[in-house]
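Atoms considered below: every heavy atom in the structure, side chains included; atoms not considered: hydrogens, waters and symmetry mates. For ligands, and for the atoms within them, numbers begin at 1 and follow the listed sequence.
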Amino acid sequence: MDIKSIGIVGAGQMGNGIAHVSALAGYDVTLTDVNADALKAATDVISKNMDRQVSREKISQQDRDDAMGRIKTTLTLTDLGPSDLIIEAATEREDIKHAIFAELLPSLKPETILTSNTSSISITRLASRTDRPERFMGFHFMNPVPIMQLVELIRGIATNEDTYKACRAVVDKLDKTSATAEDFPAFIVNRILMPMINEAVYTLYEGVGTVTSIDTSMKLGANHPMGPLELADFIGLDTCLAIMNVLHDGLADTKYRPCPLLTKYVEAGWLGRKTQRGFYDYRGDAPVPTR
Ligand code: NAD
């Protein structure tokens with residue numbers, strides 16, 4: 001199937017990045033969210049990020065204008081009906097994702113491919129509640145989407161080969177690299193990354209190190225470009241907790257127990273950069289550790 005148009009559900013940090021790279025690659029994009037402010041913020045972020053690419057001579061002004069012209073936003077989910085490919089990138093909650101697919105399905109063409117950018121939820125289970133499990137896949141971008149090269153493609157039990165090939169062709173056209181993962185909790189990247197972040201939070205919780213000493217240790221001692229707590233703030237602490245819960249529930253192993261301190265930050269609404277506070281406070285000129 002030749003994919004020309006992409007419908008994106010959720011205009012948060014992932015949805016706006018997916019819209020950005022898809023429009024630049026020549027796809028017609030329709031972006032939706034339940035929150036009008038999120039849609040407005042997404043267009044502003046995309047426009048600002050493309051301007052930066054123009055100033056760095058990565059793209060031309062004409063590329064930028066054409067790409068911005070290919071992005072439509074809407075508060076009505078069913079406006080995504082005519083799209084050839086749907087990428088769902090709403091909040092990491094299974095009930096929200098099921099409800100989105102249930103509302104969207106009646107307006108879709110029979111051949112439309114449905115995908116989810118979920119970090120951890122079972123693709124097979126999401127697919128089983130739709131009318132097209134064979135045309136359903138995990139399409140997992142990394143954050144920030146315009147910069148990170150990898151897309152994990154996750155096959156559910158029922159995903160057919162044509163769907164996989166069509167999605168792989170989209171990844172190629174986005175000029176990114178795909179890695180194929182089987183559908184087990186958190187797939188590959190987060191199966192390895194999240195327990196490390198959770199362990200960093202335990203290291204903080206048990207007083208082994210401060211926020212600064214933990215991040216400095218992993219940057220300078222393990223050569224990671226970002227410390228694990230800085231990275232957790234960047235990803236979103238609610239997303240990190242949701243992924244740990246999926247690993248804990250799905251693999252039934254206590255080694256995946258979310259750290260109580262991570263839960264506490266989420267309960268406080270300190271979700272990281274997106275709420276200005278997490279393991280660091282971002283409200284001033286430079287981030288300040290909150291512990
Ligand atoms: P986010 O909180 O920044 O954005 C989520 C958006 O979804 C919000 O704007 C919210 O208003 C919207 N939304 C909620 N319910 C909706 C509905 N019913 N219909 C339409 N929009 C709805 O979250 P995010 O970080 O962009 O994550 C989105 C998805 O991408 C999640 O599944 C997450 O696991 C996955 N993901 C996140 C990262 C990351 O680093 N943050 C990386 C890869 C994948």
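Heavy atoms from both the backbone and the side chain of Val34 come within less than 4.0 Å of ligand 1. Heavy atoms of Val9 found under 4.0 angstrom from ligand 1 belong exclusively to the side chain. Heavy atoms of Lys274 found under 4.0 angstrom from ligand 1 belong exclusively to the side chain. Only the side chain of Ile100 comes within contact range of ligand 1, with a heavy atom under 4.0 Å; no backbone atom does. If you look at Phe141 next to ligand 1, the close heavy atoms, those under 4.0 Å, all belong to the backbone.
Here's the thing with Asp238: none of its N/O atoms is less than 3.5 angstrom from an N/O atom of ligand 1. Considering backbone and side-chain N/O atoms, Ile235 comes within less than 3.5 Å of an N/O atom of ligand 1. The shortest N/O to N/O separation between Ala38 and ligand 1 does not fall below 3.5 Å. By the 3.5 Å distance cut-off applied to N or O atoms, Thr32 is not counted among the residues near ligand 1. Note: no N/O pair closer than 3.5 Å links Glu88 and ligand 1 by distance alone. For ligand 1, the polar-atom distance check against Glu92 finds a nitrogen or oxygen pair separated by under 3.5 Å. No N or O atom of Asn35 sits closer than 3.5 Å to an N or O atom of ligand 1.
In terms of protein heavy-atom proximity, atom 31 (C) of ligand 1 is closest to Ala90 O, 3.2 Å. Nearest protein heavy-atom neighbour of atom 14 (C) of ligand 1: Thr91 OG1, 3.2 Å. Remark: minimum distance from atom 3 (O) of ligand 1 to any protein heavy atom is reached at Gln13 N, 3.1 Å. For atom 27 (O) of ligand 1, the closest non-hydrogen atom on the protein side is Met14 CG, 3.8 Å. Here the protein heavy atom with the shortest distance to atom 36 (N) of ligand 1 is Ser119 OG, 3.1 Å. Atom 30 (O) of ligand 1 has its closest protein heavy atom at Asn117 ND2, 2.9 Å. Among protein heavy atoms, the minimum distance from atom 4 (O) of ligand 1 is reached at Gly12 CA, 3.2 Å. Protein heavy atom in closest approach to atom 15 (N) of ligand 1: Ile96 CG2, 3.7 Å.
Comment: Lys274 engages Asp238 in a salt bridge, judged by a side-chain N to carboxylate O separation of less than 4.0 angstrom.
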Side-chain donor-acceptor distances from residues 138-156 under 3.5 Å, at least two apart:
| residue | atom | partner | partner atom | Å |
| --- | --- | --- | --- | --- |
| His140 | ND1 | Glu152 | OE1 | 2.8 |
| Asn143 | ND2 | Gln13 | OE1 | 3.4 |
| Gln149 | NE2 | Asp175 | O | 3.1 |
| Gln149 | NE2 | Thr177 | OG1 | 3.2 |
| Glu152 | OE2 | Ile188 | N | 2.8 |
| Glu152 | OE2 | Val189 | N | 3.3 |
| Arg155 | NH1 | Glu161 | OE1 | 3.0 |

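The closest approach between a heavy atom of Arg93 and any atom of ligand 1 is not below 4.0 Å. Remark: distances from the non-hydrogen atoms of Ala89 to ligand 1 include one below 4.0 Å.
Enclosure of atom CZ in Phe184 is not indicated, since only 12 or fewer non-hydrogen atoms of other residues, nucleotides or ligands lie within 6.0 angstrom. Applying the 6.0 Å contact sphere to NZ of Lys176 captures more than 12 heavy atoms from other residues, nucleotides or ligands. Around atom CG of Asp253, more than 12 heavy atoms belonging to other residues, nucleotides or ligands sit under 6.0 Å away. The environment of CD in Gln61 is crowded: more than 12 heavy-atom neighbours from other residues, nucleotides or ligands sit within 6.0 Å. Enclosure of atom CZ in Arg132 by more than 12 non-hydrogen atoms of other residues, nucleotides or ligands within 6.0 angstrom is indicated. Counting non-hydrogen atoms of other residues, nucleotides and ligands closer than 6.0 Å to CD1 of Ile157 gives a total of 12 or fewer.
With Tyr27 as the aromatic partner, Lys173 meets the cation-pi criteria of under 6.0 angstrom to the ring centre and within 45 degrees of the ring axis.
Of all atoms in ligand 1, numbered sequentially from 1 with element shown, those under 4.0 Å from a heavy atom of Gly10 are 7 (O), 21 (N). Listed by number with element, the atoms of ligand 1 under 4.0 Å from a non-hydrogen atom of Thr118 are 32 (O). Under a 4.0 Å criterion applied to the non-hydrogen atoms of His140, ligand 1 contributes the atoms 43 (C), 44 (C). Close approach of ligand 1 to Lys97 (heavy-atom distance below 4.0 Å) involves ligand atoms 31 (C), 32 (O). Using a 4.0 Å cut-off to heavy atoms of Asn143, the atoms of ligand 1 that qualify are 39 (C), 40 (O), 41 (N).
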message = Working note: Asn160 + Thr163, criterion side-chain hydrogen bond (donor to acceptor under 3.5 Å, both in side chains); need CA distance, chi angles, decisive distance, verdict.
response = CA-CA 6 Å; Asn160 68 24; Thr163 300; 2.7 Å; yes
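In this structure, Phe279 and Tyr265 have tilted ring planes: the angle between them lies in the 30° to 60° band.
A side-chain donor-acceptor contact under 3.5 Å links Glu92 and Thr118. When only modelled atom types and interatomic distance are considered, Thr159 and Glu134 share no side-chain donor-acceptor pair under 3.5 Å. Side-chain polar atoms of Arg257 and Tyr202 form a donor-acceptor pair below 3.5 angstrom. Looking only at atom types and distance, the side chain of Asn49 has no donor-acceptor partner in the side chain of Gln53 under 3.5 Å away. Side-chain N/O atoms of Thr124 and Asp183 include a donor and acceptor closer than 3.5 Å.
Evaluated by nearest non-hydrogen atom to atom 10 (C) of ligand 1, the leading choice among Leu75, Asp33, Ile243 is Asp33.
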